[in-house]
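Data block below; observations after.
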Amino acid sequence: MTLLITWPESGPQTVLRRTSEPVEIAAALAPLRVRYEQWPVRHDVPADADGDTVLAAYRGEIDRLSGEEGFVTVDVVSLHPETAHDWPARARAAREKFLNEHTHDDDDEVRFFVAGAGIFYLHTSGEVHAVYCERGDLLGVPKGTTHWFDMGTRPSFTAIRFFHEEDGWIGNFTGSDISSRFPDFDTIHAGFTAERKA
């Protein structure tokens with residue numbers, strides 16, 4: 001299950017939309033040209049599976065999406081406390097890389113979550129949309145869309161990345177501090193987890 005929260009760009013004091021219904025999320029994101037899909041979860045793929053195993057498990061979906069969108073490079077990124085060498089430093093550096101607002105000139109940012117969770121924050125049309133993605137969720141952020149990504153202070157996820165360009169991830173940072181003015185991954189994750197347990 002995923003979650004979408006929308007606020008005005010002025011701040012999180014007012015919630016304009018909050019839903020965990022996939023159909024409503026897809027409909028809300030479609031006008032922004034943001035692709036949201038849910039793929040079947042492969043329960044036989046462990047969270048810390050190597051890249052080849054992950055790609056083989058989702059080959060059908062990968063081929064379909066690559067054919068539709070013309071992706072030329074597909075890879076797997078993974079960060080888990082139990083398996084990553086020098087995890088605290090890697091986790092801190094990875095989070096800081098994506099936490100500030102940025103755009104991409106040459107490529108979309110498309111991610112499928114095989115395991116774990118993360119939040120994409122989309123800043124567009126005077127609003128900020130926090131899209132909490134977890135296992136089974138695919139999100140495609142079009143190039144030129146102002147956004148940031150938070151994986152939390154203890155990141156643990158595996159994701160498939162899709163690229164139109166062989167150069168991979170290149171971010172153009174806006175210099176704005178807007179990401180510091182909205183609830184971070186840890187805050188949203190804790191609240192959402194508590195709700196589902198209630």
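Fair warning: this is a prediction, and the values are worked out from it, not measured in the lab. Residue numbers start at 1 and run along the sequence shown.
- Checked against the 6.0 Å centroid threshold, Phe182 and Tyr121 do not count as a close aromatic pair.
- Partners of Asp108 by salt bridge (Lys or Arg N to Asp or Glu O under 4.0 Å), not counting sequence neighbours: none found.
- Looking at Pro8 and Leu16, their side chains come closer than 4.5 Å, going by heavy atoms from C-beta outward.
- With sequence neighbours left out, Phe113 forms a ring pair (Phe, Tyr, Trp, His ring centres under 6.0 Å) with no residue at all.
- A salt bridge (charged side-chain N to carboxylate O under 4.0 Å, His left out) check over residues 112-121, counting only residues at least two apart or in different chains, returns nothing.
- Every residue two or more places apart in sequence or in another chain that forms a side-chain hydrogen bond (donor to acceptor under 3.5 Å, both in side chains) with His123 is listed here: Glu9, Glu101.
- A 4.5 Å side-chain heavy-atom check between Val76 and Val114 finds every atom pair outside the cut-off.
- Of the candidates Phe149, Trp148, Phe173, Phe173 is the only one forming a ring-ring contact (aromatic ring centres under 6.0 Å, His included) with His102.
- Taking the side chain as every heavy atom from C-beta outward, Trp7 and Val15 approach each other to under 4.5 Å.
- Scored by the salt bridge (Lys or Arg N to Asp or Glu O under 4.0 Å) test, Asp177 finds Arg181 as partners (sequence neighbours excluded).
- Partners of Ala94 by side-chain contact (heavy atoms from CB on, under 4.5 Å), not counting sequence neighbours, listed by chain and number: Leu79, Met151.
- Under the rule for a salt bridge (Lys or Arg N to Asp or Glu O under 4.0 Å), Arg154 has no partner lying at least two apart in sequence or in another chain.
- Scored by the side-chain contact (heavy atoms from CB on, under 4.5 Å) test, Gln13 finds no partners at all (sequence neighbours excluded).
- Using a 4.5 Å heavy-atom cutoff, the side chains of Thr124 and Val34 are not in contact.
- Partners of Thr19 by side-chain hydrogen bond (donor to acceptor under 3.5 Å, both in side chains), not counting sequence neighbours, listed by chain and number: Glu24.
- Residues forming a side-chain hydrogen bond (donor to acceptor under 3.5 Å, both in side chains) with Thr6 (at least two apart in sequence, or on another chain): Arg17, His129.
- For the salt bridge (Lys or Arg N to Asp or Glu O under 4.0 Å) test, residues two or more places apart in sequence or in another chain that qualify with Arg95 are Asp150, Asp184.
- Listed by chain and number, the residues in a side-chain hydrogen bond (donor to acceptor under 3.5 Å, both in side chains) with Glu68 are Arg35, Arg64 (sequence neighbours excluded).
- Using a 4.5 Å cut-off on side-chain heavy atoms (C-beta onward), Thr158 and Val54 make contact.
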